[in-house]
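The basis for the numbers below is simple: all heavy atoms, side chains too, and nothing from hydrogens, waters or symmetry mates. Just so it is clear, the structure is predicted and the values come from calculations on it, not from any experiment. Proteins get letters first, then strands, A, B, ... in listed order; numbering begins at 1 in each.
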Amino acid sequence: MSEHAAQNEASREGLESFVYDDKIVRMFAWATIIWGIVGFLVGVIIAIQLAFPDAGFGIEYLSFGRLRPLHTNAAIFAFAGNGIFAAVYYSTQRLCKARMFSDLLSRLHFWGWQLIIVSAALTLPLGITQGKEYAELEWPIDLAIAVVWLVFFGGNFIGTLIKRRERHIYVALWFYIATIVTVTMLHVGNNIWLPAGFVHLIKTGEFAGPAFLMKSYPVYAGVQDALMQWWYGHNAVAFFLTTPFLGLMYYFMPKAAERPVFSYKLSIIHFWSLVFIYIWAGPHHLHYTALPEWASTLGMVFSVMLWMPSWGGMINGLLTLRGAWDRVAKDPILKFFVVGVTFYGMSTFEGPLLSIKAVNSLSHYTDWTIAHVHSGVLGWNGFMTFGMLYWMMPRLFQTKLYSTKLATMHFWIGTIGMVLYILSIYTAGITQGLMWRAWDETGRLAYPDFIETVTKLIPMYWIRVIGGVLYMSGAIIALYNFFMTWKARPEKYEEPVHYAAPLSPNYEGDPEAKSRLTANAGFGHAGDKFLQGNWHRRWERKPIRFTVYVLVAVLIGGAVEAVPMFLVSSNVPSIASVQPYTPLELAGRDIYISEGCYNCHSQMIRPFYWETKRYGDYSKPGEFVYDRPFQWGSRRIGPDLHREGGRKSHLWHYEHFKNPADTSPGSIMPRYPWLLSKEINFPAIQGRVDANAMLGVPYGDMVLDGAAEEHAQFQAATIAAELEEQGGPPMDETMDKQVIALIAYLQRLGTDLYKEAPADAQAQAGGDQ
Amino acid sequence: MSFTDIVSNMNLDIYPIISLILFLVAFALIMWSVLRTPKTESNRQANIPLQDDYDLSSTDNMHNPAGKGASHG
């Protein structure tokens, strides 16, 4: 015994000792499961609202358009985000044989991230949003994200890599590197804005309310903004919901299966193909929109190419369990992993399928997309996270899992919930897609009334609610299980000391290859050395250089998509008759954004017979040049609104906002009673116009002190008077209410195309070419 | 003539194609290099997660050519 210890002592000479920081992992693990339940709960609430719209009780903070972004942000950034951090902090320390670089950065990262989540939970229900999907959070929070992500998290991670004691950087870490680098790039790229309220405050010293202070406009408009947004949105899926989870898979699956990954080489190929290909696929979110043809074809081709490496990865994951399949039957952890990886395979098969234009013409704007993302997030991200948590929690609490039975129960309830959710929503999507495009032999739409295509889905929506409740219940069972496990923790956690040799600074490693050629010129020798392939292994070990290569790979893809859009004015032909929004319409548009109408309404009519028949002439890129942000939407729970202008009377809109079920029986649009009573923020209007003018919108004299506000008041009075004429309430009751601004905006939508161009605008547009 | 003019007059159809070729070349090189990694080496790398709780496992010396192929775990 003592002899043994002495022997150990001797063999530790020259080694460094270190202790892993598991406390930070415990913190992130708790945050994961708790925020997960919050995110699922908000999901269940909005699912109920779609089946039973009055479940919002006419309360603004509970309305669908405001809560849906909260749900998506909570699921992605709070649940999956904290899950990623738990995985990274646990595995990185062990793969690097080093404690995290800085405990302070770890803590700043944790608390900073939770603060960001809390501010999201406060601002989104208040209607403070940028109106771009998954990038809703307004500029002050965006700045916080940049600091917490890049400086606290990224800095801490790279610092740990640098002081690591294991020479080879294991593939999971590569996936983490790609995540950190690319998410930073995406976040910064898609969040270049002008903080309108802040600029207004600095310029005029006038404070126009806290909500306006947080308001920003993107520097991109229309088609450019759309391209930027979906480049971001798509790659957020790739680099927030895929690569870090693959890192997780490549670490925790071998751990749980107690055997190495099936093929390490395949995992490296998997890595590079994803990094190279994913970044190109963004435009598949914008098929048949006002996006140039070449960009969307490019997106489609690369999406289809993605299928191969994704399946390579799935197979690699599943085959890691070779020889351990008998254990899958007994071990809930492996069950979660097997189903999780299978869902990875299914989603990455379906993704390329949906990117094929013909399929997309049916699936886009329907619930099919919603089913797709839920098979990804619930099945892949959710189950991988749960598998990891069940594996990790007992180790973190240094005791046994409270109940394997409950974990197995969680697995089954979750699986059944997921299947109910996905099958019902597939059915809903395909049903609605087919109904939209059905027409009879005389060329008339078979279901001309949009609401017919909605009421049909209600039974499916109820099944989804059941599925969601089940999935959430599973997570609650997990929370209970973790809580009971935690209660059985030792009085004081053991902090085992580990030993490893530091990396020697003059390490040679793979010797530089020697040319094997005898008689040849310099180039031949260089070529042969290169062919021996040691170079890859050499720079695999250099974290900084490696990071730069990843960045270059993703930048090339990004640039290919983005550069032409920004440089080629001919991609967006200007239409002379398209004029900037009036100040009141602009204010109305900002209400549209802050209420989240884009969560249910698209503003993009595709060039199909059945769409132009239903909604009017298809949308042209030049019609969106003043749209900051673009509001094309991604799901039509309600009809497209791009040519809404002039379709209905002011009074119809007024009554509709008061209670949609009155004008449109069976409607699942929420009531908006507060729009009828809340006042327009007139003082902020000047700031809105000024900011747009600064971004290049030709507002002319409207930027003169108070001109915009005056114009807005005049237009509001005009509309209120018209409303009264149509049989609405007396004009002095409505002329300062938000509903008037929103009606002004809706009545303008899509109408410019048919207008006579003002003489000076014609000259201007011509001059731009 | 501005930069925008120059780019506007370029034939953009070729643009994605050039990038695609760049991509394929880079990818082929990486594949090549990965496939050339000796089996013993990639086995060792694959085993890293499984030995991370062993407190004596310094792997630094395993890298030198003499140590190649040594088994650990």
Side-chain angles (χ1 to χ4, degrees), chain A residues 8 11-12 15 91 94-95 97 165-168 170-172 250-252 254-255 258-261 263-265 267-269 272-273 276-277 280 294 298 301 496-504 507-511 531-537 553 556-557 559-560 563-564 567-570, chain B residues 2-68 71-73:
Chain A
N8 259 352
S11 62
R12 276 172 189 163
L15 301 185
S91 58
R94 282 154 175 92
L95 290 171
K97 295 195 170 66
R165 299 186 181 85
E166 163 59 56
R167 183 71 64 177
H168 178 73
Y170 183 71
V171 71
Y250 281 123
Y251 180 80
F252 288 95
K255 284 301 236 189
E258 291 166 356
R259 59 203 62 213
V261 60
S263 163
Y264 193 70
K265 290 183 182 184
S267 70
I268 295 179
I269 295 171
W272 283 111
S273 10
F276 270 115
I277 305 179
W280 300 60
W294 67 264
L298 187 75
V301 170
V497 180
H498 302 266
Y499 297 88
L503 299 187
S504 55
Y507 171 75
E508 276 301 319
D510 293 308
L531 284 183
Q532 294 179 44
N534 292 0
W535 53 274
H536 187 262
R537 290 190 290 286
I556 290 179
V560 167
V563 171
L567 295 179
V568 185
S569 55
S570 64
Chain B
S2 74
F3 187 48
T4 307
D5 292 331
I6 298 172
V7 178
S8 300
N9 287 319
M10 285 172 10
N11 184 2
L12 276 174
D13 294 346
I14 195 92
Y15 193 87
I17 296 174
I18 293 175
S19 315
L20 182 60
I21 293 170
L22 273 178
F23 157 75
L24 288 173
V25 169
F27 189 67
L29 291 178
I30 288 172
M31 289 278 273
W32 173 264
S33 147
V34 169
L35 294 176
R36 299 253 340 168
T37 307
K39 186 85 191 150
T40 47
E41 175 69 12
S42 75
N43 279 348
R44 197 198 70 78
Q45 295 172 349
N47 270 301
I48 291 176
L50 298 177
Q51 30 161 272
D52 57 11
D53 285 328
Y54 287 52
D55 58 358
L56 278 175
S57 55
S58 161
T59 51
D60 212 25
N61 53 339
M62 309 300 181
H63 273 285
N64 67 48
K68 251 184 196 168
S71 74
H72 9 258

**Request:** Find the distance between CE (Met31(B)) and CD1 (Ile268(A)) and round it off to the nearest 0.5 Å.
**Result:** 11.5 Å
**Message:** Taking side-chain contact (heavy atoms from CB on, under 4.5 Å) as the definition, give me every residue that meets it alongside Ser263(A), ordered by chain and number, with sequence neighbours left out.
**Reply:** Lys265(A), Leu266(A), Asn316(A)
**Request:** List in chain and number order the residues that pass ring-ring contact (aromatic ring centres under 6.0 Å, His included) with Phe252(A), two or more places apart in sequence or in another chain; answer none if no residue qualifies.
**Result:** Tyr90(A), Trp391(A)
**Request:** Among Asn47(B), Ile48(B), Asn43(B), find the one that has a side-chain contact (heavy atoms from CB on, under 4.5 Å) with Pro260(A).
**Result:** Asn47(B)
**Asked** How far apart are the closest heavy atoms of Pro254(A) and Leu50(B), and which atoms are they?
**Response** O-CD2, 3.5 Å
**Request:** Could you walk me through whether Lys97(A) and Gln51(B) pass the side-chain contact (heavy atoms from CB on, under 4.5 Å) test, one step at a time?
**Result:** CA-CA 10 Å; Lys97(A) 295 195 170 66; Gln51(B) 30 161 272; 4.2 Å; yes
**Prompt:** Side chain of Lys255(A), backbone of Pro49(B): donor and acceptor closer than 3.5 Å?
**Reply:** yes
**Request:** Could you grab the distance from atom CZ of Arg44(B) to atom CZ of Arg167(A), nearest 0.5 Å is fine?
**Result:** 10.5 Å
